[in-house]
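What follows is one structure encoded as C-alpha cells, with my remarks underneath.
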Amino acid sequence: MILRRIAAENFRTLDAAPIEFHPQTNLIVGRNGQGKTNLLEAIYLLATTKSFRTPRVVNAFRFGAETLFVSGALERDAVERTLSVGLETGETRRRVLMINGERVPLHDYLRAMTVFAYSSARLEILRGTPEERRRFLDRGVASIDPSYLAAITRYGRVLKQRNALLQSGSAAALDAWDAEFVETATAIQRARAAYVEALRGSMAEIANQFDVRRVKMTYRPTAPEVARRRDELRAGVSLSGPQRDNLDFVLDGHPAHEVLSGGEQKMIVLLLKFAKLALFSQRQDDAALFVLDDLDAELDVEILRQLLSRLPPKTQVFATSAKDRLIGDLTTGPHRRLTIENGRVTAAEDFA
C-alpha cells in the first residue's frame with residue numbers, strides 16, 4: 001500500500017494544502033516546533049482514527065476549532081481510493097469515516113490502511129501501564145486478523161453489560177451473560193497468545209542479526225472466571241478476563257525498563273516495530289506504512305540503517321528528525337525530502 005497524498009483541516013498547526021509523498025521514503029525535516037510530528041500524526045490518524053502522541057484525539061484539534069478533517073489517497077493492489085476521517089468535538093462528538101465518498105463502519109475503515117509508528121511515546125510499551133501493552137497487542141492482532149476487531153467489540157459489549165449487572169447487584173441476571181462472557185474472552189485471549197508467539201519468533205529472527213540484549217516477552221492472560229461472583233458483586237466489576245491481561249518484558253528476571261538504558265529501550269521498541277512489520281507482510285502479502293518520529297542520537301544509526309535496508313519490499317517510510325546528521329545517514333535510496341516551516345511544506349526535493 002502506498003499513501004500518495006494527504007490533506008488536513010484544523011489539524012494542529014498543519015497547513016490545509018495537500019502534501020504529495022514519495023512511494024518509498026519520505027524524510028520530513030525542519031526546526032523543532034515547525035510541524036514535522038504533526039504531519040506523521042495526521043498520517044497515523046488517517047489510518048487508525050487515533051493519535052500516536054495522545055490518548056485524547058481532541059488534543060489534535062487546532063486551538064479553538066470544533067471540527068477536524070483528514071483525507072488521503074491510498075493506492076493498494078493498483079487501485080487508488082480516497083480515505084477520510086471527520087471529527088467533531090463539543091456536544092456532538094461525531095466521527096465520520098468514508099472510503100471513496102461513502103460512509104463506512106469503523107471495522108471496515110480500519111482494514112483499508114495499516115500503519116506502524118515508532119516514537120518516544122511508544123516507550124510506554126515497556127514502562128507504561130498494562131493497558132498500554134494491551135493496546136499494543138490488540139493493534140497488532142487486528143493488523144493481521146481483520147475479524148479480531150469484531151471479536152473485541154463484541155467482548156466489550158458483553159463486559160459492559162456484565163459490569164452493569166454487577167454494579168446493580170442483579171446476581172440472577174448474570175447467568176444469562178456468563179457463558180457469552182467466557183466464550184468471547186477466550187477468543188480474545190487465544191488470538192493474543194497466538195500473536196505474541198508469532199511476534200516473539202519474528203523479533204528473535206531480527207535480533208539475531210544484531211548485538212542487542214535479549215528481552216523475554218511473556219503474555220499473561222487472566223482466564224475468565226464466573227465462580228468469583230461474590231467478590232465481583234462486592235467490587236461491582238468483572239475481576240477476570242482480557243481487560244486484566246498483561247504483557248511482560250523481562251531481562252535477567254527484572255522488568256526490562258528497570259535495567260535497560262534509555263537508548264537500549266528505544267532500540268528494543270524499534271525492533272518490536274520491525275518485527276510487527278515483518279509479521280504483517282508475511283500474513284497479509286502486503287507492506288504496511290512505517291512512521292518513525294524524532295530519530296535521535298541515542299539510537300544506533302548503523303543498526304537503524306541495516307534494519308531499514310531489510311524492510312519488507314515496498315514498505316513506504318516516513319521519518320522525522322531535527323538532526324541533519326541522522327537524516328543524512330538514512331538517505332541510502334530513492335527518497336523525497338520535505339521541508340516544513342510553520343506547519344507548511346515549503347520545499348520538496350526528490351533524490352535517486
Side-chain angles (χ1 to χ4, degrees), residues 1-30 34-55 57-62 68-76 80-87 95-99 106 109-122 135 139-140 142-143 270 273-274 276-277 280 286-295 308 311-312 314-322 327 330 335-340 343-345 348:
M1 64 187 77
I2 299 296
L3 182 62
R4 293 294 181 184
R5 70 191 66 88
I6 197 171
E9 298 177 12
N10 294 329
F11 192 97
R12 295 193 187 269
T13 62
L14 280 184
D15 187 80
I19 301 171
E20 303 281 338
F21 295 121
H22 191 281
Q24 290 178 251
T25 301
N26 297 271
L27 305 176
I28 297 96
V29 300
Q34 298 302 303
K36 302 186 301 297
T37 298
N38 293 346
L39 176 53
L40 298 192
E41 187 182 11
I43 294 170
Y44 191 83
L45 185 137
L46 180 66
T48 68
T49 77
K50 305 289 185 182
S51 164
F52 64 76
R53 299 168 74 183
T54 171
V57 74
V58 68
N59 292 332
F61 284 59
R62 179 169 294 166
L68 178 152
F69 184 77
V70 181
S71 63
L74 182 76
E75 183 179 315
R76 192 170 189 180
E80 187 171 295
R81 294 190 291 176
T82 59
L83 309 179
S84 67
V85 177
L87 302 175
R95 178 177 63 192
V96 177
L97 308 175
M98 303 184 80
I99 298 178
L106 178 64
Y109 185 86
L110 294 178
R111 294 154 107 181
M113 175 178 168
T114 301
V115 59
F116 295 106
Y118 168 84
S119 73
S120 58
R122 285 298 193 252
R135 280 198 292 265
R139 286 191 294 260
S143 72
L270 189 61
K273 295 299 178 179
F274 275 90
K276 292 180 78 172
L277 277 164
F280 175 85
D286 197 358
L289 279 64
F290 193 22
V291 166
L292 298 116
D293 183 43
D294 195 20
L295 301 177
L308 288 171
L311 279 172
K314 299 183 180 180
T315 300
Q316 189 180 21
V317 176
F318 303 83
T320 73
S321 178
I327 287 292
L330 300 180
H335 64 277
R336 178 170 299 168
R337 189 181 178 108
L338 301 162
T339 302
I340 287 194
R344 181 172 176 267
V345 174

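Residues take their numbers from the sequence shown, with the count starting at 1.
Formation of a donor-acceptor pair under 3.5 Å by the Lys273 side chain with backbone atoms of Ala117 is found in this model. When atom types are taken as modelled, the side chain of Lys36 and the backbone of Gly30 share a donor-acceptor pair closer than 3.5 angstrom. Arg62 contributes no side-chain N or O that, together with a main-chain N or O of Leu68, makes up a donor-acceptor pair within less than 3.5 Å. With hydrogens and angles disregarded, a donor-acceptor distance shorter than 3.5 Å links the side chain of Asp286 to the backbone of Met1. At distances below 3.5 Å, not a single donor-acceptor pair connects side-chain atoms of Arg336 with backbone N or O atoms of Ile28.
Residues that satisfy the side chain to side chain donor-acceptor pair (under 3.5 Å) test with Arg111, not counting sequence neighbours, are Asp108. When the ring-ring contact (aromatic ring centres under 6.0 Å, His included) test is applied to Phe318, the partners found at least two apart in sequence or on another chain are Phe21.
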For this session: Please step through side chain to side chain contact (heavy atoms under 4.5 Å, CB included) for the pair Val57 and Leu45, ending with a clear verdict.
Result: CA-CA 9 Å; Val57 74; Leu45 185 137; 3.3 Å; yes
Problem set entry | side chain to side chain contact (heavy atoms under 4.5 Å, CB included) between Leu39 and Leu14, intermediate numbers included | CA-CA 7 Å; Leu39 176 53; Leu14 280 184; 4.3 Å; yes
Exercise. So Met113 and Ile43, side chain to side chain contact (heavy atoms under 4.5 Å, CB included) or not? Walk me through it.
Worked result: CA-CA 10 Å; Met113 175 178 168; Ile43 294 170; 4.1 Å; yes
Exercise. Can you list the steps and then say if Leu277 with Leu311 is a side chain to side chain contact (heavy atoms under 4.5 Å, CB included)?
Worked result: CA-CA 8 Å; Leu277 277 164; Leu311 279 172; 3.7 Å; yes
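Going from atom CG of Leu74 over to atom CG of Leu46 covers 8.0 Å, rounded to the nearest 0.5 Å. How far CZ of Arg76 is from CG of Leu3: 12.5 Å, rounded to the nearest 0.5 Å. Between atom CZ of residue Phe11 and atom CZ of residue Phe69 there is a gap of 13.5 Å, rounded to the nearest 0.5 Å. Atoms CG and CD, from Asp15 and Glu9 in turn, are 10.5 Å apart once rounded to the nearest 0.5 Å. To the nearest 0.5 angstrom, Ser119 atom OG is 11.0 Å from Leu270 atom CG. Rounded to the nearest 0.5 angstrom, Ser51 OG and Tyr44 OH are separated by 8.5 Å.
Salt bridge Glu75/Arg5: absent, no basic N to carboxylate O contact under 4.0 Å.
For the pair Thr315 and Ala288, the tightest heavy-atom approach, listed with the atom from each and the gap, is CG2-O, 3.4 Å. The two residues Ala47 and Tyr109 come nearest to each other via the heavy atoms O-CE2, 4.1 Å. In terms of heavy atoms, Ile2 sits closest to Pro23 at CD1-O, 3.2 Å.
Looking at Thr49 and Leu97, their side chains come closer than 4.5 Å, going by heavy atoms from C-beta outward.
Proximity of the aromatic rings of Phe274 and Phe290 is defined here by a centroid distance below 6.0 angstrom, and this criterion is met.
Within the structure, salt bridge (charged side-chain N to carboxylate O under 4.0 Å, His left out) pairs that include any residue of residues 38-49 comprise Arg12-Glu41, Glu41-Arg53 (at least two apart or interchain).
Only one option out of Gln316, Arg337, His335 pairs with Asn26 in a side chain to side chain contact (heavy atoms under 4.5 Å, CB included); it is Gln316.
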